[in-house]
Amino acid sequence: MPSSSESVRRPADADRCPCGSGDAFGACCAPFLAGAPAPTAAQLMRSRYTAYVVGDAGYLVATWHASTRPTELELDPDLEWRALAILRTERGGPFDRDGVVEFVASWRDGAERGRLHETSRFVREAGRWCYVDGEVG
């Protein structure tokens with residue numbers, strides 16, 4: 001599983017965060033990738049997208065709910081995640097137990113380009129949000 005620090009391509013703290021929030025990486029997704037709990041399902045979704053961008057499989061596995069977590073996660077190093085758009089959220093706030101985030105993520109793999117449109121489900125357990133699963137559509 002490529003979760004070693006050698007395979008992770010973290011931006012500098014002052015760089016724009018890959019999640020597209022417009023904030024600097026150090027003030028946006030970096031604390032979550034370092035282990036701080038995301039306060040909302042949407043922020044967890046953004047930080048998971050950032051983990052895909054930087055190749056942090058360890059973070060993805062750690063934030064995946066135990067009931068649906070894969071035993072291994074291998075990221076394609078040639079797949080480039082290019083942009084994230086959050087379309088809608090339901091619940092998923094700091095006091096909710098579950099939440100939904102619908103998003104579109106654009107990718108490129110060589111000359112091929114595409115978009116992943118997913119409605120993801122999240123649950124909050126012991127004060128931490130976890131990704132449960134998603135419906136691609």
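Predicted model, so just to flag it, every value in this text is computed and none were measured.
For the pair Arg69 and Tyr131, the minimum side-chain heavy-atom distance is 4.5 Å or more. Within the 4.5 Å cutoff, no side-chain heavy atoms of Pro18 are placed close to those of Cys29.
Going from atom CZ of Arg48 over to atom CG of Leu33 covers 10.5 Å, rounded to the nearest 0.5 Å. A distance of 9.5 Å separates CD in Glu135 from NE2 in His117, rounded to the nearest 0.5 Å. Atom-to-atom distance recorded for Gln43:CD and Thr89:OG1 is 12.0 Å, nearest 0.5 angstrom. Rounded to the nearest 0.5 angstrom, Tyr52 OH and Leu79 CG are separated by 10.0 Å. Between Arg10 atom CZ and Thr50 atom OG1 the span is 10.0 Å, to the nearest 0.5 Å.
In the hydrophobic cluster analysis, where Ile, Leu, Val, Met, Phe, Trp and Tyr join through side-chain heavy atoms closer than 4.5 angstrom, Val132 is grouped apart from Phe103. Under the 4.5 Å side-chain heavy-atom criterion for ILVMFWY residues, no single connected hydrophobic cluster contains both Val100 and Leu84. By the rule that hydrophobic residues join a cluster once side-chain heavy atoms approach within less than 4.5 Å of another member, Trp64 and Met45 end up as members of one cluster. Put simply, Phe32 and Leu75 are part of the same group of oily side chains (I, L, V, M, F, W, Y) that touch within less than 4.5 Å, one to the next.
The shortest heavy-atom contact between Cys28 and Asp23 is CB-CB, 4.0 Å. Summarising the geometry of Ala30 relative to Gly26, their closest heavy-atom pair is CB-CA, 3.8 Å, with the distance given to 0.1 Å. The two atoms that bring Pro31 and Phe25 nearest to each other are CD-O, 4.2 Å, heavy atoms only.
With sequence neighbours excluded, no residue satisfies salt bridge (charged side-chain N to carboxylate O under 4.0 Å, His left out) with Asp13.
Arg113 places no side-chain N or O within 3.5 Å of a backbone atom of Arg108 that could act as its donor or acceptor partner. Distance alone, capped at 3.5 Å, is enough to place a donor-acceptor pair between the Tyr49 side chain and the Ala83 backbone. Judged by distance alone, with hydrogens and angles left aside, the side-chain atoms of Arg88 form no donor-acceptor pair with the main-chain N or O of Glu102 at under 3.5 Å.
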Which donor-acceptor pairs under 3.5 Å do side chains of residues 120-130 form with protein atoms, sequence neighbours excluded?
| unit_1 | atom_1 | unit_2 | atom_2 | d |
| --- | --- | --- | --- | --- |
| Ser120 | OG | Glu118 | OE2 | 2.6 |
| Arg121 | NE | Asp133 | OD1 | 2.7 |
| Arg121 | NH2 | Asp133 | OD1 | 3.3 |
| Arg121 | NH2 | Asp133 | OD2 | 3.0 |
| Arg124 | NE | Asp96 | O | 2.8 |
| Arg124 | NH2 | Pro94 | O | 3.3 |
| Arg124 | NH2 | Asp96 | O | 3.1 |
| Glu125 | OE1 | His65 | NE2 | 3.3 |
| Glu125 | OE2 | His65 | NE2 | 2.9 |
| Arg128 | NH2 | Gly35 | O | 2.8 |
| Trp129 | NE1 | Pro39 | O | 3.3 |

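Through chains of ILVMFWY side-chain contacts below 4.5 Å, Val104 is grouped with Leu87.
Dense packing is recorded around CD of Glu80, with more than 12 heavy atoms of other residues, nucleotides or ligands lying under 6.0 Å away.
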Are Trp81 and Leu116 close enough, and set up right, to give a side chain to side chain contact (heavy atoms under 4.5 Å, CB included), and what steps lead you there? CA-CA 10 Å; Trp81 292 98; Leu116 170 66; 4.1 Å; yes
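Side-chain contact check for Ser21 and Arg46: no donor-acceptor pair (N or O, by modelled atom type) lies under 3.5 Å.
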